Number of protein chains: 2
Amino acid sequence: MEKVDGRLVRGDQTRRAVLRRAVDIASVDGLEGLSIGRLATELGISKSGLFAHFGSKEELQLATIRAARRIYADAVVLPALEVEPGIQRVRKLSECWIDYSRRRVFPGGCFFQKVSHEYAARGGAVHEALAGVHREWMELMEDVVREAVDRGELAADPAQLAFDLNAYYEAANLASILHGNETGYDQASRSIGARLESAAR
Amino acid sequence: MEKVDGRLVRGDQTRRAVLRRAVDIASVDGLEGLSIGRLATELGISKSGLFAHFGSKEELQLATIRAARRIYADAVVLPALEVEPGIQRVRKLSECWIDYSRRRVFPGGCFFQKVSHEYAARGGAVHEALAGVHREWMELMEDVVREAVDRGELAADPAQLAFDLNAYYEAANLASILHGNETGYDQASRSIGARLESAAR
DNA sequence: AAACTATACGAACGGTCGTATTATTAGTTT
DNA sequence: AAACTAATAATACGACCGTTCGTATAGTTT
């Protein structure tokens, strides 16, 4: 339905263009600030035509989350999984995350940190989707840490170390956007290094 | 102008009632989701009457930030400053913060974490105000840590330790709201304890 | 060529937004 | 009691919101 012998059909191209722009907008103005009219204007298409692709605002938001997840996986997760399991992979994951934030893969910094806070205290499908992504991410981090523990390269509770590392990432991301400087990244890098060193055996 | 021999005049009472409600709404739905019409309806007053108190949406938002800052100071900062300077004060500050988040002083969790993310990537007076509060808070944490370092109770770079502690707080706050459980608080408490213990001398 | 489907369009809907203007009420002062 | 002022309300405005509708164009299938 979406592909015709490898070539994308028209509708799917539009959909991709919409979502590519949507994740950028949402990373700055949130999934609520992501309005259909604005999106259509910026892309030079009609509001109704855009709307027809998703059927509702909520569906657009959910599709935007899925699109952001793919970008996040490509930027942060996959490169780390190419490194051998163990402490090297833990380090690589941390480097990738800091780099992902620093390079502004999303112009507003980490997409998920932004919109997770936006929907943290509300109900609904968007909240559930974001809680799911967060859980998934924390479990991945724990797994990566656990591999290093199982190899005897780290002595730590995987969940605890994953919590700490993730906390450093997010604090750095917020500080850098809020103050427009790199101080947070330097502090996070030092904290990550110190934390891993103290857990190394 | 605002007081008549100790008794508040009518207008100031209304203003206080508005802001008390405004901080709660904003902690859940953000400073953008804080709409004048909704606020007026919930308080049973007229939209125009409420509007007249602030003159613009942005002024309402700035006043809401100031009101939240007072509540935050009362809940987190002042109780910690009653404890003697040193590591005990560092511990107390951490306890107060976790308690402040856990008790839901603001129904949506930490007001400032919520709205700081909302305005992190935008310009304007609201952004500046929030960046200022963040800076102020981080400096306070550094000062509290430095007192402990100066007394020889901790061996650490104050800015670095303050960064770490704050990162634990915020990660716990987000996790608890997003998932509706207390796991994050337990993890944060362990991380805080371990971090302080490893820096204790 | 005819029928059908996918995609996009413009126009309009009811609603809510922030804001401005004008009126009404309540409190204080004279 | 009259005059004045501060606080609140009523009403209206234009802009934008998400959504629906009917229609036009293109591409595919029969």
Side-chain angles (χ1 to χ4, degrees), chain A residues 1-22 25-26 28-65 115 118-119 122-126, chain B residues 1-22 25-26 28-65 115 118-119 122-126:
Chain A
M1 188 74 82
E2 286 182 342
K3 289 189 175 186
V4 175
D5 58 326
R7 240 192 45 249
L8 294 170
V9 299
R10 198 165 38 121
D12 203 51
Q13 285 181 22
T14 304
R15 207 185 142 94
R16 278 161 194 266
V18 168
L19 291 176
R20 200 176 318 126
R21 183 66 66 108
I25 293 179
V28 173
D29 292 317
L31 286 168
E32 211 69 40
L34 176 71
S35 92
I36 294 170
R38 174 187 174 187
L39 202 43
T41 303
E42 289 190 14
L43 290 168
I45 64 176
S46 72
K47 207 168 86 160
S48 50
L50 194 159
F51 182 85
H53 276 278
F54 302 95
S56 75
K57 171 86 179 269
E58 191 175 61
E59 228 358 277
L60 167 63
Q61 292 171 323
L62 294 171
T64 303
I65 291 171
V115 302
E118 189 181 3
Y119 278 87
R122 304 185 215 179
V126 173
Chain B
M1 185 72 83
E2 287 182 343
K3 289 189 178 187
V4 175
D5 58 327
R7 241 191 47 246
L8 294 170
V9 299
R10 205 163 34 124
D12 202 50
Q13 285 182 24
T14 303
R15 208 185 142 93
R16 278 162 195 265
V18 168
L19 292 175
R20 201 174 318 127
R21 182 67 66 109
I25 292 178
V28 173
D29 293 316
L31 285 168
E32 211 69 39
L34 177 70
S35 92
I36 295 169
R38 173 187 175 187
L39 202 44
T41 303
E42 289 192 13
L43 291 168
I45 64 177
S46 71
K47 200 169 99 164
S48 50
L50 194 160
F51 181 83
H53 276 278
F54 303 95
S56 75
K57 170 86 178 268
E58 191 175 61
E59 230 355 279
L60 167 63
Q61 293 171 324
L62 293 171
T64 302
I65 292 171
V115 302
E118 188 181 3
Y119 279 86
R122 305 186 213 178
V126 173

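This structure is a prediction, so every number in the text was calculated from the model and none was measured. Labels below follow one simple rule: chain letters A, B, ... track the order of the sequence lines, proteins then strands, and each chain is numbered from 1. In what follows, every heavy atom counts, from backbone to side chain, and hydrogens, waters and symmetry copies are set aside.
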Could you give the CZ-to-C1' distance, from Phe54(A) to dT20(D), as a whole number of Å?
18 Å
Any side-chain heavy-atom pair from His53(A) and Thr14(A) closer than 4.5 angstrom?
yes
Name the closest nucleotide to the Ile36(B) side chain, picking from dG18(C), dA9(D), dT19(D).
dG18(C)
Between Leu34(A) (CG) and dG18(D) (C1'), how many Å, whole number?
12 Å
Would you mind telling me which of dA9(D), dC17(C), dT20(D) lies closest to the side-chain atoms of Ser46(B)?
dA9(D)
Rounded to the nearest 0.5 angstrom, the CD-OG1 distance for Glu59(A) and Thr64(A) is 9.5 Å
So Leu50(A), base contact, sugar-phosphate only, or nothing? Heavy-atom distance under 4.0 Å.
nothing
Would you indicate what Ala52(A) reaches in the nucleic acid, counting non-hydrogen atoms under 4.0 angstrom: base, sugar-phosphate, or nothing?
nothing
Report the distance from atom CD of Glu59(A) to atom P of dG18(D), rounded to the nearest whole Å.
15 Å
Below the 4.0 Å mark, does dA6(C) have OP1 or OP2 next to a side-chain nitrogen or oxygen of His53(A)?
no
If you check every side-chain atom of Phe51(A), which of dG18(C), dC17(D), dT20(D) has the closest atom?
dT20(D)
Specify the closest pair of heavy atoms between Ala26(B) and Leu31(B), including all atoms of both residues, with the distance to one decimal.
CB-CD2, 3.9 Å
Shortest side-chain distance from Arg38(A), nucleotide among dA9(D), dC17(D), dT19(C)
dC17(D)
Value in whole Å for how far the C1' atom of dC17(C) lies from CG of Leu60(B)
13 Å
Roughly how far apart are Leu50(A) CG and Ile36(A) CD1, rounded to 0.5 Å?
7.0 Å
Whole angstrom is fine here: how far is it from CG in Leu31(A) over to P in dC17(D)?
15 Å
Look at the side chain of Ser48(B) and decide which nucleotide, out of dA11(C), dG18(D), dA10(D), has an atom nearest to it.
dA10(D)
Short side-chain N/O contact from Thr14(B) to OP1 or OP2 of dT8(D), under 4.0 Å
yes
In whole Å, I'd like the distance from the CG atom of Leu39(A) to the P atom of dC17(D).
11 Å
Starting from the 5' end of DNA chain D, give me the residue, Glu32(A) or Ile45(B), whose nearest nucleotide shows up first.
Ile45(B)
Between dG10(C) and Lys47(A), counting only base atoms on the nucleotide and side-chain atoms on the residue, is there a donor-acceptor pair under 3.5 Å?
no
Would you give the length of the straight line joining atom CD1 of Ile65(A) to atom CG of Leu19(A), rounded to the nearest 0.5 angstrom?
11.5 Å
Using atom CG of Asp12(A) as one end and atom P of dG27(D) as the other, report the distance to the nearest whole Å.
17 Å
To the nearest angstrom, how far is Glu58(A) atom CD from dC17(D) atom P?
19 Å
Nucleotide nearest Lys57(A) when distance is taken to its side chain, options dC21(D), dT19(D), dT19(C)
dT19(D)
